[in-house]
Amino acid sequence: MQVTVYSTKAYDRRYLEAANAGRHRLTFVEAHLSATTAGLAANSQAICVFVNDHVDRPTLVQLSQLGVRLIALRCAGFNNVDLKTARELDIKVARVPAYSPHAVAEHTVGLILALNRKLHRAYNRVREGNFALDGLLGFDLYGKTVGIVGTGKIGEVVARILTGFGCTVLAVDPAPNPLCVQLGVRYVSWAELCAGSDIVSLHCPLTPLTRHLVNAAAIERMKDGVMLVNTSRGAIVDTRAVIAGLKSRRIGNLALDVYEEEDDLFFEDLSTRIIDDDIFMRLLTFPNVLITGHQAFFTHEALTNIAEQTLENIGSFEVSGAPRHEISIERLA
Ligand code: NAD
């Protein structure tokens with residue numbers, strides 16, 4: 001099958017080619033998918049896309065006219081795909097539901113530890129011969145309460161690691177996870193989680209219900225000095241409200257691996273350019289904010305699994321017309 005792979009980086013190519021082993025004809029393009037770049041998929045029956053590709057209605061209409069029948073996402077989240085239009089046009093959409101929850105969960109805990117103990121600042125200080133400790137004060141994680149929003153595959157691993165640290169874990173999820181209950185996680189309301197957590201960590205998908213879940217009202221309910229961690233999807237957090245929360249000192253620490261306007265920033269080297277996003281640049285001015293550029297998934301194991309499952313989706317679609325991990329429209333509910 002002919003497949004156009006959008007938003008390709010060298011590592012995508014390396015892992016996808018290894019998993020493909022010559023079975024399908026993969027054409028790698030660096031461009032993001034949008035209505036402007038959909039034409040690059042001419043002659044392809046399938047395309048492969050990533051988190052910041054725009055699979056909206058105008059793009060889907062063009063892809064359909066070109067004969068594209070499968071969209072294989074090489075990620076778990078699918079908030080960037082208009083599933084209703086895809087179904088209307090009889091284009092199947094597949095994803096990689098679980099490539100390594102450990103990769104994202106471990107990065108989340110890494111952010112919590114680094115931000116709390118200011119490791120990112122200590123690293124620079126020591127290299128400059130500054131061994132003073134002022135400004136590096138942290139807190140024990142042991143005995144603290146962590147609120148996890150979404151206890152699916154990633155949230156469960158985060159809960160497991162943090163209970164190992166001796167934390168109390170509260171959670172919000174419309175579908176409580178029995179393994180988390182066994183771990184001692186207590187399911188509470190969103191208001192209770194906000195009021196009772198020293199750390200709030202987001203692991204739910206971005207849906208119309210979770211968009212700006214962390215808004216001014218939620219921040220108002222949180223503990224003074226709360227640490228907020230988002231490794232899920234940027235738009236779950238209202239960034240302007242979070243900046244106000246940092247300025248009022250309600251939010252004591254903020255760790256982000258995702259950002260609501262990340263499409264124009266992340267995955268690119270912009271170090272010699274002027275960044276126009278004033279909201280993002282404001283975030284960078286706070287000493288108690290730690291940001292990584294959507295790298296939580298980025299481990300050897302995750303990239304191997306992503307490539308293998310993406311090729312499995314393409315292969316099963318070719319054989320049976322149904323990708324192995326198809327996303328159905330019911331997921332929107
Ligand atoms: P999952 O589907 O296994 O778990 C998501 C959980 O969220 C489910 O248990 C679901 O019931 C729950 N949920 C749904 N709506 C909710 C709501 N309104 N409030 C609270 N909980 C809600 O997904 P996962 O594999 O654990 O991934 C979670 C998210 O992490 C993905 O949707 C994706 O956006 C993000 N992610 C980020 C990266 C990264 O590199 N930063 C990598 C992979 C996934």
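Counting starts at 1 for both ligands and their atoms, following the listed order. Just so it is clear, the structure is predicted and the values come from calculations on it, not from any experiment.
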Legend entry - Contact check, Ala98 vs ligand 1, heavy-atom distance below 4.0 Å: no
Inset, instruction - Report yes if some N/O of Gln295 lies less than 3.5 Å from some N/O of ligand 1; otherwise report no. - result: no
Inset, instruction - Check Phe298, Tyr11, Phe50 against Phe267 for a ring pair (Phe, Tyr, Trp, His ring centres under 6.0 Å) and give me the one that passes. - result: Phe50
Inset, instruction - Decide whether Asp53 and Ser7 meet the rule of one side-chain donor and one side-chain acceptor closer than 3.5 Å. - result: yes
Inset, instruction - Check whether any N or O atom of Phe297, backbone or side chain, sits under 3.5 Å from an N or O atom of ligand 1, and answer yes or no. - result: yes
Legend entry - Side chain, backbone, both or neither: the part of His203 lying under 4.0 Å from ligand 1 by heavy atom: backbone
Legend entry - Option of least heavy-atom distance to atom 14 (C) of ligand 1 (set: Ala171, Pro205, Gly155, Ala175): Pro205
Legend entry - salt_bridge(Asp224, Arg249) N-O dist < 4.0 Å: no
Inset, instruction - Mark up the atoms of ligand 1 that fall under 4.0 Å of a heavy atom belonging to Asp257, in ascending order. - result: 39 (C), 40 (O), 41 (N)
Inset, instruction - State, with a plain yes or no, whether a side-chain heavy atom of Phe280 is found less than 4.5 Å away from one of Thr239. - result: no
Inset, instruction - Measure Glu156 to ligand 1 on non-hydrogen atoms and call it side chain, backbone, both or neither using the 4.0 Å cut-off. - result: neither
Inset, instruction - Could you tell me if any non-hydrogen atom of Ser232 lies under 4.0 Å from any atom of ligand 1? - result: yes
Legend entry - Ile154, any N or O under 3.5 Å of ligand 1 N or O: yes
Legend entry - Per-atom contacts, ligand 1 versus Gly152 - under 4.0 Å to a heavy atom: 3 (O), 4 (O), 6 (C), 9 (O), 26 (O)
Inset, instruction - Please verify whether a non-hydrogen atom of Asp173 lies at under 4.0 Å from ligand 1. - result: yes
Inset, instruction - Would you kindly say whether Gln45 and Arg69 are connected by a side-chain donor-acceptor distance under 3.5 Å? - result: no
Inset, instruction - Check whether any side-chain heavy atom of Val55 sits under 4.5 Å from a side-chain heavy atom of Asp82, and report yes or no. - result: no
Inset, instruction - Compute whether any side-chain donor of one residue and acceptor of the other, for His294 and Asn52, lie under 3.5 angstrom apart. - result: no
Inset, instruction - For Thr231 and His107, test the side chains for any donor-to-acceptor distance below 3.5 angstrom and give the result as yes or no. - result: no
Inset, instruction - Would you kindly specify which portion of Tyr99 sits under 4.0 Å from ligand 1, judged on non-hydrogen atoms: side chain, backbone, both or neither? - result: side chain
Inset, instruction - Compare Val104, Thr210, Val149 and give the one whose heavy atom is closest to atom 18 (N) of ligand 1. - result: Thr210
Legend entry - Enumerated ligand 1 atoms positioned under 4.0 Å from heavy atoms of His294: 39 (C), 40 (O), 41 (N)
Legend entry - Sidechain-backbone polar pair: Arg125 side chain, Ala132 backbone, donor-acceptor under 3.5 Å: yes
Legend entry - Non-hydrogen side-chain atoms of Leu311 and Arg23 separated by less than 4.5 Å: yes
Legend entry - Atoms in ligand 1 flagged as close to Arg233, the criterion being non-hydrogen separation under 4.0 Å: 33 (C), 34 (O), 35 (C), 36 (N), 37 (C)
Legend entry - Heavy-atom nearest option to atom 20 (C) of ligand 1, drawn from Leu209, Val172, Thr292, Leu256: Val172
